[in-house]
Asker: 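So that we are looking at the same thing, I have put the structure below in structure tokens.
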Amino acid sequence: MRIRLPPPSKRLLLLVVVLVGLNLRPFLAGIGPLAGEITAATGLDYRSIALFTLVPMLLMGLCAFAGPSLQRLAGVRPAVVGALVLLGFGSALRLLPLGGAALIGTAAMCGLGVAIVQAVFPGVVKEHFPGRVAFVMGLYSAALMGGGALGAQAAPLVAELSASWRIGLGWLAVPAALAAAAAAPALLRRPRTWLLMACFGLVNGGYSTVIAWLAPSYQALGWSAAASGGLIAAMAASQAVSALAMPLLAAGSRDRRPWMWLALALQVAAFAGLAFWPAAMPLGWAVLAGIGLGGSFALAMVVALDHLDDAAGAGALSALMQGGGFLIAAVPPWIVAVLHDLTGGFAAGWLLHLGCAALVGVLALRLSPRGYAAAMRMSSGGDPDGAVEAPVRPPA
């Protein structure tokens, strides 16, 4: 039987299908060949090693039931791209000197990303290849299985060449990143969604790091657990007040950016103080961080809803921003821990978040309300693969 290939306008998406499939199994298949080195380095026993497979498989099963809900909430396209980013993050984290439990956590992260893709990706195939579902799903399945073979073969080879089993596992972040980069233009229409995700994630990464490491940083300076916990309480209380007050103060103007920049400037001041003069005014740094973080969180939510008048569409955009943003925000505490191990202190971590706040300030230049309509409008050229989206769909 002669197989008819899709027209040229669809072949980019066909390449995306293959790239996505190739990324869904290597993170599982690479564990077995390196199990001996992993157990020797981490102290995990074989029952624990089994969790590298068990946990992702459980997630794949559970997320299969959630597929329809994911599609309604986020849409197929952003769910796939976001899941690939999550898979890439999970793989990249394996490059870090993590303990056994944290490594199993990366397996859960990778497994969740794969589970989301598997739950919603058939919808992409059905939408864009309605007349060739059997062929394209066969190609996707073959790529998926081939990816397992690739992982099993490449992981020990890369580990041997690099003399590091962590690199043998972590290099898989590279093909996942390539797949996400290939999928983004074909599967995601609005760059504004990603801009909002980045801003939200970078700001909330500061919060997750402060929650995790502010108290330990002062305990390292001789503070008691109770006293350092008081700094967290002061930060959280300031955050709550700011989250209520700043949106009210910004309500008089549709352009929220001046207040966003104020909140970010307070974060910069707080992180600079924590990095360079931690003993000068500990309570002050905690309060400044709380005001800056709380105001930034609330204003980001407001800005996302400002983009669309339609309530359902605005809610979908906000959900996407939070989903991708919280995935980003989960990573910085681990990075700060690594920086602490490398430098012997927390200053590098605080400077990292100073830089993140400054970066969000630059990104916020694009959040002018005059550009909301254009940012959320469909591409005039339609789908790059030739498909045209229905105009009534919620924004991705």
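For reference, positions follow the sequence shown, starting with 1.
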Asker: Working to the nearest 0.5 Å, report the span between CZ of R94 and CD1 of I38.
Answerer: 7.5 Å
Asker: Side-chain heavy atoms under 4.5 angstrom apart, residues restricted to Ile, Leu, Val, Met, Phe, Trp, Tyr: same cluster for L305 and V302?
Answerer: no
Asker: What's in the same ILVMFWY side-chain cluster as V241, cut-off under 4.5 Å, chained through other members?
Answerer: none
Asker: Hey, can you pull the donor-acceptor pairs under 3.5 Å for the side chains in residues 214-226, sequence neighbours left out?
Answerer:
| unit_1 | atom_1 | unit_2 | atom_2 | d |
| --- | --- | --- | --- | --- |
| S217 | OG | W213 | O | 3.4 |
| S217 | OG | L214 | O | 2.6 |
| Y218 | OH | P278 | O | 2.6 |
| Q219 | NE2 | S228 | OG | 3.0 |
| S224 | OG | A227 | N | 3.1 |

Asker: Would you mind reporting whether F27 and P56 have side-chain heavy atoms less than 4.5 Å apart?
Answerer: yes
Asker: Is the count of non-hydrogen atoms from other residues, nucleotides or ligands lying under 6.0 Å from Y207 atom OH greater than 12?
Answerer: no
Asker: Report the distance from atom CG of L98 to atom CZ of R166, rounding to the nearest 0.5 Å.
Answerer: 6.0 Å
Asker: Taking atom CZ of R366 as the centre, report whether more than 12 heavy atoms of other residues, nucleotides or ligands fall under 6.0 Å from it.
Answerer: no
Asker: Under 6.0 Å between ring centres, would you say that holds for F200 and F297?
Answerer: yes
Asker: Does some side-chain heavy atom of M246 sit less than 4.5 Å from a side-chain heavy atom of I291?
Answerer: yes
Asker: Once you round to the nearest 0.5 Å, how far does CZ of F271 lie from OG1 of T209?
Answerer: 7.5 Å
Asker: When rounded to the nearest 0.5 angstrom, what is the spacing between CG in L293 and OG in S242?
Answerer: 9.0 Å
